[in-house]
Number of protein chains: 2
Amino acid sequence: MKELINYILQFGQLDKQQIDLVMNNVVESSLHKGEHFSEAGKVPKQVGFIVDGVIRGYYHHNNGEEITRCFISENSLVADYVNFEANTVSAEYLQACTDCRLIIFPKDNWEELSRAVAGWDNIKNKMVQICMYQKSRKGPVISQDATTRYREFMENYPSLINRVPLAYIASYLGVTQQSLSRIRRNIR
Amino acid sequence: MKELINYILQFGQLDKQQIDLVMNNVVESSLHKGEHFSEAGKVPKQVGFIVDGVIRGYYHHNNGEEITRCFISENSLVADYVNFEANTVSAEYLQACTDCRLIIFPKDNWEELSRAVAGWDNIKNKMVQICMYQKSRKGPVISQDATTRYREFMENYPSLINRVPLAYIASYLGVTQQSLSRIRRNIR
DNA sequence: CCATTTTTTTACCAAATGGTAAATGCTTTC
DNA sequence: GAAAGCATTTACCATTTGGTAAAAAAATGG
């Protein structure tokens with residue numbers, strides 16, 4: 001819980017009683033590698049905070065291929081927030097790509113906090129903006145060759161290289177995992 | 001002006017007097033192919049409506065290469081709205097890729113309308129959402145080969161193929177224009 | 001600790017793409 | 001309508017990447 005409180009207090013002040021209110025509206029939870037936080041075709045019902053682990057966002061393209069769009073790691077909110085807010089059906093999956101420890105805000109509690117905690121909305125909006133910004137972060141540059149895309153990935157996400165299965169990184173970079181493996185060999 | 005009025009009235013009702021107020025706060029304008037609507041490094045000061053023509057959004061990548069991120073064509077708003085609203089410096093260029101006829105809302109007038117026209121904010125928010133959605137629309141899929149990316153581009157933007165210089169489409173698709181030219185030959 | 005499963009690496013060949021250079025075609029302008 | 005400036009196509013070859021199959025390495029579960 002400490003991690004979540006520290007995270008929240010980055011965005012605004014809360015007194016002890018308010019912090020307790022927040023804590024009373026969350027649930028600790030976990031996901032094993034491969035399990036889903038939310039799924040395409042369903043209406044998302046929760047906002048999560050990643051205490052430990054990495055979650056990826058992906059969708060199925062026409063041909064059925066999985067396209068990885070982003071990675072989200074610890075000390076971040078995770079949610080398909082637009083559809084969470086609008087009660088609409090999600091178009092993408094959010095899946096644990098390592099085992100994850102999470103703190104969950106169920107939808108009712110998330111809304112309750114807006115009523116119960118003065119200043120919560122201000123904090124909330126800032127957190128959500130950061131959350132959406134991370135998901136929209138520029139992906140790999142399509143005109144660059146795979147080697148360059150991998151190099152830039154290492155610069156932008158150095159902490160992921162040794163934690164996330166190669167197949168997901170390959171999917172994010174738009175290459176087969178065989179090609180990515182070859183690229184890694186040739187880089188050294 | 002008719003085009004703009006029709007566009008606006010899609011999103012809400014306005015009476016004749018209110019329409020006049022809107023018209024009094026815009027300026028007709030035009031851009032030649034190659035000229036910029038707004039530029040990276042500057043604070044955007046206007047919202048535009050494209051009466052005729054196509055504008056592209058692009059930015060410079062590390063290595064100096066131009067990356068085309070989106071195309072916007074007639075009957076759409078065009079703006080770097082986040083930075084327009086926040087008075088912050090833009091990170092991308094918006095450039096006419098054909099000659100364009102535009103209707104411009106200078107920033108002061110745009111804000112004036114919120115005060116002068118009841119219901120304007122409601123209409124405005126809907127228009128801006130659509131504008132931002134169009135810019136965020138999913139780009140070409142990085143894992144597909146260039147031929148497939150071009151095929152899907154033709155499906156998604158059939159009206160652009162014969163209007164926009166090939167070099168810009170190539171930049172959007174992440175291939176050299178020579179490769180794109182060859183792809184076009186082989187497709188027929 | 002061994003068996004099983006998952007993940008990563010290798011290898012080989014075919015196909016796609018980039019780099020470079022040049023030719024052709026198309027517009028614009030005077 | 002000729003000249004100049006853009007835009008598009010072609011060609012050739014080197015390099016990169018994908019497809020397929022299999023081996024090796026690492027992680028997982030009894």
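None of these values were measured; they are calculated from a predicted model. Chain naming here is simple, since letters A, B, ... match the order of the sequence lines and numbering starts at 1 in each.
Within the structure, every side-chain polar atom (N or O) of A:Ser143 is placed at least 4.0 Å from both OP1 and OP2 of C:dG18. Applying the 4.0 Å criterion to OP1 and OP2 of D:dG18, one finds that A:Thr176 has a side-chain N or O inside that range. For B:Arg185, a side-chain nitrogen or oxygen approaches OP1 or OP2 of D:dT10 to under 4.0 Å. Using a 4.0 Å cut-off, no side-chain N or O of B:Ser179 falls inside it from OP1 or OP2 of C:dT17. For the pair B:Arg184 and D:dT9, the criterion of a side-chain N or O lying under 4.0 Å from OP1 or OP2 is met.
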Worked check of side chain to side chain donor-acceptor pair (under 3.5 Å) between A:Tyr59 and A:Arg69: CA-CA 8 Å; A:Tyr59 67 96; A:Arg69 247 221 299 238; 5.4 Å; no
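Protein atom CG of B:Leu173 is 17 Å distant from nucleotide atom P of C:dA16, rounded to whole Å. Rounded to an integer number of Å, the gap from CG of B:Leu180 to P of C:dA16 is 15 Å. For the pair A:Ile169 CD1 and C:dT7 C1', the interatomic distance rounds to 12 Å; values are reported in whole Å. Counting to the nearest Å, the C1' atom of C:dT17 and the CD1 atom of B:Ile142 are 15 Å from each other. Here the P atom of nucleotide C:dT8 and the CG atom of A:Asn186 are 18 Å apart, to the nearest Å. One can place CG of A:Asp145 at 14 Å from C1' of D:dA14, the figure rounded to the nearest angstrom. Between the CZ atom of B:Arg163 and the P atom of D:dT8 there is a distance of 14 Å, rounded to whole Å. Taking atom NE2 on A:His32 and atom C1' on D:dA27, their separation rounds to 15 Å, with Å as the unit.
A:Phe105 and A:Trp120 have tilted rings, their planes meeting at an angle from 30° to 60° on a 0 to 90° scale. Between B:Tyr150 and B:Phe153, the two ring planes are parallel [angle under 30°; tilted spans 30° to 60°]. B:Tyr157 and B:Phe71 have perpendicular rings, their planes meeting at more than 60° on a 0 to 90° scale where under 30° would count as parallel.
Heavy-atom distances to DNA chain D give each of A:Gln144 and A:Lys33 a nearest nucleotide, and the one nearer the 5′ end belongs to A:Gln144. Of the two residues contacting DNA chain D, namely B:Arg182 and B:Pro165, the nearest-nucleotide position lying further toward the 5' end is that of B:Pro165.
Between A:Arg115 and A:Glu112 there is a salt bridge, since at least one side-chain N of the basic residue sits less than 4.0 Å from a carboxylate O of the acidic one.
Using a 4.0 Å heavy-atom cutoff across all strands shown, B:Gly34 reaches no nucleic acid atom at all.
In this structure, of C:dT17, C:dT8, D:dT8, it is D:dT8 that holds the atom nearest to the side chain of B:Gln177. Of the listed nucleotides (C:dG18, D:dT17, C:dA21), C:dA21 has the atom at the smallest distance from the side chain of B:Gln178.
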